[in-house]
Structures are given as C-alpha cells and as structure tokens.
2 protein chains.
Amino acid sequence: MARGRPPAHTREQVVDAAIRLADAEGLAAVTIRRIATEIGAGAMSLYTYVPDKDRLLDLMVDKVGEETPKINITGDWRTDLMALAAAQRALMLAHPWLPAALPNRRLTGRNMLGYLEQSLAALEPTGLDGPTKMELIALVTGFVASYVTNEIAAATPTSEQVALITEAVASGDFPHLATALSSGARGTEPSFERIAGWAITGLVEQAIRPKPSDRSSS
Amino acid sequence: MARGRPPAHTREQVVDAAIRLADAEGLAAVTIRRIATEIGAGAMSLYTYVPDKDRLLDLMVDKVGEETPKINITGDWRTDLMALAAAQRALMLAHPWLPAALPNRRLTGRNMLGYLEQSLAALEPTGLDGPTKMELIALVTGFVASYVTNEIAAATPTSEQVALITEAVASGDFPHLATALSSGARGTEPSFERIAGWAITGLVEQAIRPKPSDRSSS
DNA sequence: TCCCTTTCTCGTACGCTGTACTGAAAATAG
DNA sequence: CTATTTTCAGTACAGCGTACGAGAAAGGGA
C-alpha cells in the first residue's frame, strides 16, 4: 500500500506553521509562500495538504480550539458558562487574530463542535429548549469576541482617534460623551469577570422567565 | 482662490461608489480600480480624495451611519436602547458587509460618535458611571453585530457544514448537540426583539445592582 | 499675453497575493 | 525493468494596493 511518492510534510505541520505565523506577525503575514518557506517547501506543495487558503483558515481556527482545557460541568449553569467564557477569552488573548478570523467562518471542525457540546451541557439545568440554548451560546460567544476585540484595540489607541475624540468633545456637540469621558473615577475596574457575569447572568435569567413580558408581574 | 486644476470628482462620490459596490457585490468587490472605473476616473486619481484603502473603509462605515434615523430619547433606557439596537440591525441588514468591516476599525467619524452620544443619553437614567456606560454600549453593539452576522450566515447554510454536523451527531460523541437539534418544536420564534430584550434588560439590570456579588442577599 | 505655481489626472511599474498548469521526482505493483 | 500513482515545485497569470512622474488645467503676477 501507500503507492506514489510519500509526502514530505503533513497537513498538521502546515496548519501549525500558519498558526505560529499568525501569532507572531498577525493574520496578514499568513501567506502561502511564507508558510511554505517556513516549513521548507515549495509554495505549490502546500496545496497537497490544503485545498485553498480559506480552508486553511478554517483548519487554523479549529486547531487552536484544541488548546481549550476541558471544563468540568458542575451543574450550575452560571459557574459553567463563566468558565467556558473565560476559556474562550484566554484562547483569544493567546491568539489575537482569532476574533478577526472567526466571523463569516463556517462551523468547521470537531473542536468547535466540542465547544458547542460543552456549552449545551452547561445550559442543561436551565431546562430551555434546544434552539434557545443555541441562540444563547452564539450570543455569549459574540460577547466574548466583542469584548476581547475591544480589549486588544484599547491597548493600542491611535493618536488620530484621540484627536478625533478630543476635537468632538471640544465642539460641544456631544455633551454626554464629554461627561462620560471626564468622569474617570470609579470604584471597580470593569474586569472581564464582572462584565461576563452581567452578560451571562442577565441573559440566562431573562431567557428562563416563563413569559417574556412578565417583568412587571413578578 | 481655488488655484490649480479643479477636481473632477469629490470624496463623497468615491465613498458612495464604494458603498454601492459593497452593497451589490460584497466587500471583496471593493477595489481601487473597480471604484475608479465606476466613477469614470483613472485608478490613481482616487488617491487625490482618499489617502489609502483602509481610510476609505473607515469613510464607508461612517457614511452609512448617516442613514440611521434619529432616535427620540424617551427617558426609559430599555425602550431607547432597544430602538437603537433595532436601528443598528436595520443598518447592518441593509449593508451586509458592515459587520465584517466593523471590527478592528477605529472610531472613525462624527456619525459613529453621534451613535455613541445617543447611546450615552439613553443610559443616562441608569445613573451608571461613564466607563461602565461605554462598556455596555460596546457590548450591545457587539451583540447586534454578532446577531446579524449569524442571521446572514444562517440564511445560506453550506452543504458541507450540514454534512459535518449530521456526521458529528451520528458519531454519538455529541449527545447534547443531538438532542438540541432534534427538539425542534418551540412556541415562540427567537426574533431579534426577543433576544435583544434579554440582552439589554439582563445586562443593564445586572449592571445597576449596587454590588456585583449581592445576588444571594437580595 | 506669457509664465510660474499649484493642483489634479492617470499611465506605467513594482512587489505582492492566490493558485492553475506542468513536468520532474520518487515511491509501489506487476 | 516498466507502468502507475502520488507528491514536489518551478513558471506563469491575473489581480491587488500604491509609489512615481509626466502631462494637463486652472489662477496670479509680470
């Protein structure tokens, strides 16, 4: 068996090299030629292992999902969802290109499905129906991606957006913005745990309520 | 005054043509050369009106923000935030490339600041401090973008991801996923209003609570 | 009127991208 | 050995963003 010339590399080597590149220099540095030279191959040889670049990105996303530690399902949905969200955030902080690569990407591999499975298990005690659970999971994932994106972007404020904002504040057209920016002193830092707690608790508690419009009768 | 050769076009024409292209054929169709031929100019002439393509995307994002109808601030934060979220969603559905163009894009123009200003005004009755308000607004915006992205992606399910999921379900490794997908019958549709209501109500009510860890003592 | 300065136009060109094509190389099967 | 099958990788092509620079078109000053 195994006829024909044996492969000099593996698909995993290609994906790993791509991830290493993205981690070090960002998604834009991930090009077919760069990856090829990185693993010591000709550019076109990569197409033996990967159909095209878009699928390569799918594989990258799924591969980094392997790093996620297995979360123990305690049975308390709040604890479990928080742990899952924290794991997702850690993954995105370790691979800052992930939030950018995630949208418009299809559900791609078993690792992503595994995350979905765990989230469904965490939501089991709520007694919600399947579609609602799925919706909640998508929402929480979106929250985390959005939070981390802001977190990364806020770490490197551009000088020009500072100029835009200060000019806007000085113009007087944005009074609420001006006061919001000047009221700096606050007690607690808006840590991820605090905000994620709001989102998860608020979202699920709202969803659990028997009828959506019963807020006043309780 | 007005020395030198007069411009044959305007920056607005360039941005409008780019938006028209993105609406019709997606973000990938927005190239300098395409826009140039669209408005009957040489490719390099665009650089008179726009410094580079990245700034052009900034301008596109800010320009479509002009379409947002002015929301009346009623003073009830729930009503106002829901109206703002609905307006955002309508904008994204009208310009499906918007959610994809939005992330890693800096706060860019007065329309975006105007949206921020209105959101801050809507959150005024909550009595929250400035940074927390900002955080909540970013979260709600991220939620809407995430929801619309899913909404658009779900409208066109790929045959291969269907195959992946059915195979995964058949493998038996994902029991919760299997039951979640099979439990189809539910009463209410997960409409945007329902889900956005959960997110906004849950999020703000959680944020308003005096101390984050007082959930058990109330 | 002629010329200078300023501004916009746009053809050419460079380096980069993803990838189709093609023939050589390297393995096994007979 | 030859035939078959598979991978390797060089070449090539269309397309991208955009740097450069020559020409065109306006106003201002002589």
Side-chain angles (χ1 to χ4, degrees), chain A residues 1-61 97 100-101 104-106 108 158 160, chain B residues 1-61 97 100-101 104-106 108 158 160:
Chain A
M1 64 181 71
R3 308 215 333 180
R5 180 173 179 171
H9 312 88
T10 66
R11 164 180 284 206
E12 197 171 24
Q13 280 177 26
V14 173
V15 176
D16 283 347
I19 291 173
R20 227 177 304 120
L21 259 174
D23 287 345
E25 305 180 39
L27 258 196
V30 178
T31 69
I32 298 290
R33 286 177 239 261
R34 273 298 299 273
I35 302 170
T37 58
E38 210 76 18
I39 66 174
M44 293 315 292
S45 302
L46 293 206
Y47 287 94
T48 306
Y49 310 102
V50 155
D52 58 23
K53 198 191 174 185
D54 212 52
R55 308 311 177 91
L56 174 60
L57 284 178
D58 286 346
L59 293 171
M60 288 171 66
V61 170
W97 48 271
N104 25 329
R105 199 145 300 286
R106 44 205 149 282
T108 168
T158 319
E160 58 184 319
Chain B
M1 64 179 72
R3 309 219 329 182
R5 180 173 179 171
H9 312 88
T10 67
R11 164 179 285 205
E12 197 170 25
Q13 279 176 28
V14 173
V15 176
D16 284 347
I19 291 174
R20 229 177 303 120
L21 259 174
D23 286 346
E25 306 180 39
L27 258 196
V30 178
T31 69
I32 298 291
R33 286 177 239 260
R34 276 295 302 272
I35 302 169
T37 57
E38 210 76 19
I39 66 174
M44 294 313 292
S45 301
L46 294 206
Y47 288 94
T48 307
Y49 308 101
V50 155
D52 57 24
K53 199 193 173 183
D54 213 52
R55 307 312 178 91
L56 173 59
L57 284 178
D58 287 345
L59 292 171
M60 288 171 66
V61 170
W97 50 270
N104 25 327
R105 199 143 301 286
R106 44 205 148 284
T108 171
T158 319
E160 58 184 320

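Protein chains get the first letters and strands the later ones, always in sequence-line order, with residue 1 at the start of each.
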- prompt: B/Tyr49 side chain N/O closer than 4.0 Å to the phosphate oxygens (OP1, OP2) of C/dT9?
  reply: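 Yes, such a contact exists.
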message: Side chain of A/Thr31, heavy atoms from C-beta onward: which of C/dT17, C/dT19, C/dT9 has the nearest atom to it?
response: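 My answer, after comparing the listed nucleotides, is C/dT17.
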How is [X] classified with respect to the nucleic acid when contacts are heavy atoms under 4.0 Å: base, sugar-phosphate, or nothing?
X: B/Ala43; result: nothing
X: B/Thr48; result: base
X: B/Ala41; result: sugar-phosphate

- request: Let me know the distance between CG of A/Asp52 and P of C/dT17, rounded to the nearest Å.
  value: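 Rounding to the nearest Å, CG of A/Asp52 and P of C/dT17 are 17 Å apart.
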message: What is the distance, to the nearest angstrom, from the CE atom on B/Met44 to the P atom on C/dT7?
response: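 So the CE-P distance, B/Met44 to C/dT7, works out to 19 Å.
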field: side chain to side chain contact (heavy atoms under 4.5 Å, CB included) evaluation trace for A/Ile32 with A/Val50
entry: CA-CA 10 Å; A/Ile32 298 290; A/Val50 155; over 6 Å; no
task: Say whether, by atom type as modelled, one donor and one acceptor occur between the side chain of B/His9 and the main chain of B/Ala41 under 3.5 angstrom.
output: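 No; zero donor-acceptor contacts below 3.5 Å.
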message: For B/Ala43, is there any backbone N or O sitting under 3.5 Å from a side-chain donor or acceptor partner on B/Arg33?
response: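 No.
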task: Any chance you could list the contact pattern along nucleotides 22-30 of chain C? Use B for base contacts, S for sugar-phosphate-only contacts and - for none, protein heavy atoms under 4.0 Å, 5' to 3'.
output: ---BBBSS-
task: Using the heavy-atom set of chain B and a strict 4.0 Å cut-off, write down the first and last nucleotide of DNA chain D that makes it in, 5' to 3'.
output: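 It runs D/dC16 to D/dG28.
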